[in-house]
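Letters A, B, ... mirror the listed sequences (proteins, then strands); counts begin at 1. Below, each value reflects all heavy atoms present in this structure, side chains not excepted, and no hydrogens, waters or symmetry copies.
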Amino acid sequence: MTAPTKNGPPAPRSTAEQAAHSADAVPLHTPVIAWFEANARDLPWRHPEAGAWGVMISEFMLQQTPVSRVLPVYEQWLARWPRPADLAAEAPGEAVRAWGRLGYPRRALRLHGAAVAITERHGGEVPTDHAELLALPGVGEYTAAAVASFAFGQRHAVLDTNVRRVLARAVTGVRYPPNATTAAERRLAAALLPEEEGTAARWAAASMELGALVCTARNESCHRCPIAARCAWRQAGKPEHDGPPRRGQTYAGTDRQVRGKLLAVLRAAEGPVAQAALDAVWDEPVQRGRALDGLVADGLVEPLEDGMYRLPG
DNA sequence: GATTCGTGGTG
DNA sequence: TCACCAAGAAT
């Protein structure tokens, strides 16, 4: 692995990455885990009774949605569908309705699909294997690693937006990570991963919590940071972000806004909804039609034969 | 790899 | 006010 003289050129290593490998220093995870033990939030999906299914529900809901908005919906879901088979037995439209205003309602559909797959392929138990998790609808690299780590205590690099920011600052010395996750980031996360399984799982949760509570995107609180003294970004004088502007997300007037308005009508209705009720949410007919077609194509809306629409049955 | 996909809080 | 941000995934 480290033989430098033979075969092809060695993989390029940044100085920051080399520093992360230095063996003599206290490993980065030690002070971060200690901080976590004293400062972790008491979140319901961290309780043992949440189980792997509770962890999975929380991870779906937390994809791009803040904790404060997830909390009440999470409690409702777990109470209503305490096991994957309970959700799998429901119509997908009920998942979409119960999703409420969390946003990105395709996640509700995918979570329902994951429950069906778990029921059919895994005997109703959330699989423990990373590859099997990854094969579930709506589960990507991050969520598979998160469930395997948080629910089953396995050793995986859990690279979410919080961890990426912590590593960008503490190790690489820049304010923000790249827009898309790079191979260098994955290498770095792998290099920092503690050997021992339980320690690795705690590091995953701890580094994520540090990014969520202290090493935040704006108004970071370095005075509360357990690794401020060795933070490369802070040592460099906290230089501003230089790369390409972080892509903003305009919303007003987009198809997404129209889709949201259409789906809100369908969520609020008991049964099928007439075309006229949907037409009322947006006056521009071309965009309105495109948005509705998109919802139907995504399986979020079901057109009926009589010109009515409803959540998928 | 760049886009698309909701919603609401915040500085 | 409004741009930014929030435990990403799929295409």
Side-chain angles (χ1 to χ4, degrees), chain A residues 36 40-41 43-46 50 54-74 96 99-111 113-114 133-151 156-166 175-183 185 189 201 204-213 215-220 241 244-267 281 287 290-291 293-295 297-301:
Chain A
F36 181 66
R41 288 169 293 179
L43 299 171
W45 43 87
R46 290 177 176 165
V55 171
M56 177 169 282
I57 291 174
S58 77
E59 290 303 335
F60 270 77
M61 292 182 171
L62 288 165
Q63 290 168 5
Q64 302 284 279
T65 302
V67 167
S68 60
R69 286 173 46 209
V70 164
L71 283 169
V73 185
Y74 167 84
V96 174
W99 197 254
R101 306 187 66 79
L102 287 183
Y104 293 148
R106 290 190 293 194
R107 292 181 293 165
L109 224 44
R110 291 172 183 153
L111 182 48
L133 287 165
L134 197 53
L136 297 172
V139 177
E141 182 56 41
Y142 161 76
T143 302
V147 172
S149 180
F150 301 156
H156 294 282
V158 179
L159 208 50
D160 80 319
T161 186
N162 290 306
V163 177
R164 293 181 62 216
R165 187 173 55 247
V166 168
R175 183 157 178 45
Y176 294 123
N179 280 328
T181 305
T182 63
E185 287 183 274
S207 54
M208 194 175 305
E209 191 80 335
L210 186 63
L213 298 183
C215 193
T216 48
R218 289 178 296 184
N219 299 109
E220 66 279 355
H241 184 67
R246 318 184 71 210
R247 111 165 178 276
Q249 357 168 346
T250 53
Y251 179 64
T254 62
D255 286 5
R256 282 152 78 179
Q257 184 183 23
V258 182
R259 287 167 56 110
K261 287 178 175 296
L262 291 170
L263 207 56
V265 170
L266 288 159
R267 277 198 313 263
V281 307
Q287 186 178 30
R290 186 171 64 233
D293 287 348
L295 288 170
D298 287 346
L300 284 163
V301 172

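In this view, A/R175 and A/E220, A/E240 satisfy the salt bridge (charged side-chain N to carboxylate O under 4.0 Å, His left out) rule, not counting sequence neighbours. Partners of A/T65 under the side-chain hydrogen bond (donor to acceptor under 3.5 Å, both in side chains) rule, at least two apart in sequence or in another chain, are A/R107. Applying the salt bridge (charged side-chain N to carboxylate O under 4.0 Å, His left out) rule to A/R110 yields no partners; only residues at least two apart in sequence or on another chain are considered. Partners of A/R256 according to the side-chain hydrogen bond (donor to acceptor under 3.5 Å, both in side chains) rule, which considers only residues two or more places apart in sequence or in another chain, are A/Y104. Taking the side-chain contact (heavy atoms from CB on, under 4.5 Å) definition, one finds that A/A217 meets it with A/R165, A/Y176, sequence neighbours left out. For A/A146, the side-chain contact (heavy atoms from CB on, under 4.5 Å) test picks out A/E59, A/Y142, A/F150, A/V158, with sequence neighbours left out. Here A/V258 pairs with A/L262, A/W282, A/Q287, A/A291 under the side-chain contact (heavy atoms from CB on, under 4.5 Å) rule; sequence neighbours left out. With sequence neighbours excluded, the residues satisfying side-chain hydrogen bond (donor to acceptor under 3.5 Å, both in side chains) with A/T143 are A/Q63. In this structure, the side-chain contact (heavy atoms from CB on, under 4.5 Å) partners of A/A50, at least two apart in sequence or on a different chain, are A/Y74.
Residue A/A217 is in sugar-phosphate contact alone, with no base atom involved, counting any heavy-atom pair closer than 4.0 Å across all strands shown. Counting non-hydrogen atoms under 4.0 angstrom, A/R267 reaches the backbone sugars and phosphates but no base. Within 4.0 Å (heavy atoms only), A/V70 reaches no atom of the nucleic acid at all. Heavy atoms of A/R165 sit under 4.0 angstrom from primed sugar atoms or phosphate atoms, though from no base atom. Using a 4.0 Å heavy-atom criterion, one finds that A/T65 contacts the bases of the nucleic acid, with or without backbone contacts as well. Residue-level contact check: A/F150 touches neither bases nor backbone, having no heavy atom under 4.0 Å from any strand. Within 4.0 Å (heavy atoms only), A/L109 reaches no atom of the nucleic acid at all.
In this entry the distance linking CG of A/L159 with P of C/dG8 reads 11 Å, nearest Å. Rounded to whole angstrom, the span from the CE atom of A/M61 across to the P atom of B/dG8 amounts to 15 Å. In this structure, A/Q64 atom CD and B/dT4 atom C1' are separated by 12 Å, rounded to whole Å. One can place CG of A/L136 at 15 Å from C1' of C/dA10, the figure rounded to the nearest angstrom.
Residues of residues 250-261 of chain A that place a heavy atom closer than 4.0 Å to DNA chain B, in numerical order, are A/Y251, A/R256, A/R259, A/G260. Of all the residues in residues 99-107 of chain A, not one reaches under 4.0 Å from DNA chain C with any non-hydrogen atom.
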Below 3.5 Å between N/O atoms, which protein atoms pair up with nucleotides 9-11 of chain B? Just atom names and distances, please.
none

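Phosphate proximity of C/dA7 to A/R41: absent, as no side-chain N or O sits under 4.0 Å from OP1 or OP2. Using a 4.0 Å cut-off, no side-chain N or O of A/Q63 falls inside it from OP1 or OP2 of C/dA7. At the phosphate of C/dA9, OP1 or OP2 sits under 4.0 Å from a side-chain N or O atom of A/T143.
Taking CG from A/L295 and CZ from A/R106, the interatomic distance works out to 9.5 Å, rounded to the nearest 0.5 Å.
Looking at A/E141 and A/T181, their side chains never come closer than 4.5 Å, going by heavy atoms from C-beta outward.
A/S207 places a side-chain N or O within donor-acceptor distance of the main-chain N or O of A/A204, the cut-off being under 3.5 Å.
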